[in-house]
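The structure under discussion appears below in the form of structure tokens.
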Amino acid sequence: MTTTPRASVDEPDETLQAASELLRALASPVRLGIVRELSGGGKYVHELVAALGVSQPLVSQHLRVLRTSRIVSARRQARETRYTLTDEHVAHIVLDAIRHVQE
């Protein structure tokens, strides 16, 4: 039998607040799609646009939210910017959520 970790009653408010902000930053189908795509490695904006089938301005807007939340990082390479996940744990959260709803 596996147990699910539970937040303790003594859990600091800051920890719960940070977890809430992380989930809020992920609360968009486009942002979930971006994280899913980046779970396979870094990508340029045009690659994300092609994979998600949405406009470049929309992808850029959602990347800004993910960068502000420190979920993704950006690295300038020549004339383009390559985006990567800052922490693979977030990919696990997103991929597990997608698998869960597919069951």
Side-chain angles (χ1 to χ4, degrees):
M1 178 167 80
T2 60
T3 60
T4 304
R6 292 182 45 145
S8 129
V9 213
D10 300 326
E11 191 76 34
D13 287 340
E14 302 87 35
T15 302
L16 296 176
Q17 183 65 33
S20 174
E21 289 170 14
L22 169 68
L23 294 173
R24 191 174 307 120
L26 293 171
S28 157
V30 174
R31 291 194 290 270
L32 291 174
I34 290 170
V35 172
R36 182 191 61 204
E37 293 300 318
L38 294 179
S39 70
K43 296 215 180 333
Y44 297 102
V45 172
H46 70 271
E47 294 174 308
L48 293 169
V49 167
L52 299 171
V54 295
S55 70
Q56 182 273 322
L58 185 60
V59 169
S60 294
Q61 176 185 351
H62 286 288
L63 282 168
R64 189 174 321 113
V65 172
L66 294 171
R67 283 183 69 191
T68 301
S69 300
R70 298 187 187 136
I71 294 170
V72 301
S73 60
R75 184 175 200 196
R76 191 95 169 136
Q77 293 182 330
R79 292 169 36 142
E80 293 187 282
T81 303
R82 187 168 179 85
Y83 291 89
T84 57
L85 293 175
T86 57
D87 184 346
E88 290 299 317
H89 287 100
V90 174
H92 292 292
I93 292 168
V94 169
L95 295 174
D96 285 347
I98 291 169
R99 278 189 221 102
H100 177 74
V101 298
Q102 290 174 334
E103 293 177 347

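Qualifying side chain to side chain contact (heavy atoms under 4.5 Å, CB included) partners for Ser55, counting only residues two or more places apart in sequence or in other chains: Pro57, Leu58. In this view, Arg75 satisfies the salt bridge (charged side-chain N to carboxylate O under 4.0 Å, His left out) rule with no residue, not counting sequence neighbours. With sequence neighbours excluded, the residues satisfying side chain to side chain contact (heavy atoms under 4.5 Å, CB included) with Thr81 are Ala74, Arg76, Tyr83. Ser73 pairs by the side chain to side chain contact (heavy atoms under 4.5 Å, CB included) definition with Thr84, Thr86, not counting sequence neighbours. Partners of Glu88 under the side chain to side chain contact (heavy atoms under 4.5 Å, CB included) rule, at least two apart in sequence or in another chain, are Leu85, Ala91. Taking Ser60 as the reference, Gln56 meet the side chain to side chain donor-acceptor pair (under 3.5 Å) condition, with sequence neighbours excluded.
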Validation: residues 92-103 side-chain donor-acceptor distances under 3.5 Å, sequence neighbours left out:
unit_1	atom_1	unit_2	atom_2	d
Asp96	OD1	Arg99	NH1	2.7

Anything under 3.5 Å between a donor and an acceptor, one on a side chain of residues 31-47, the other on a protein residue two or more places apart or in another chain? List them.
unit_1	atom_1	unit_2	atom_2	d
Arg31	NE	Ala25	O	2.5
Arg31	NH1	His62	ND1	2.9
Ser39	OG	Arg36	O	2.6
Tyr44	OH	Gln77	OE1	2.6
His46	ND1	Glu80	OE2	2.8
Glu47	OE1	Tyr44	N	2.7

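Sequence neighbours left out, not one pair with a member in residues 13-36 passes ring pair (Phe, Tyr, Trp, His ring centres under 6.0 Å). Applying the salt bridge (Lys or Arg N to Asp or Glu O under 4.0 Å) test to pairs two or more places apart or on separate chains, none has a residue in residues 55-70.
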CA sep, side-chain torsions, deciding dist, call: Val59, Val54, side-chain contact (heavy atoms from CB on, under 4.5 Å)
CA-CA 7 Å; Val59 169; Val54 295; 3.4 Å; yes
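With hydrophobic clusters built from ILVMFWY side chains whose heavy atoms lie under 4.5 angstrom apart, Leu63 does not share a cluster with Val65. Placement of Leu48 and Val30 within a single hydrophobic cluster is found when ILVMFWY residues are connected by side-chain heavy-atom separations under 4.5 Å, directly or transitively.
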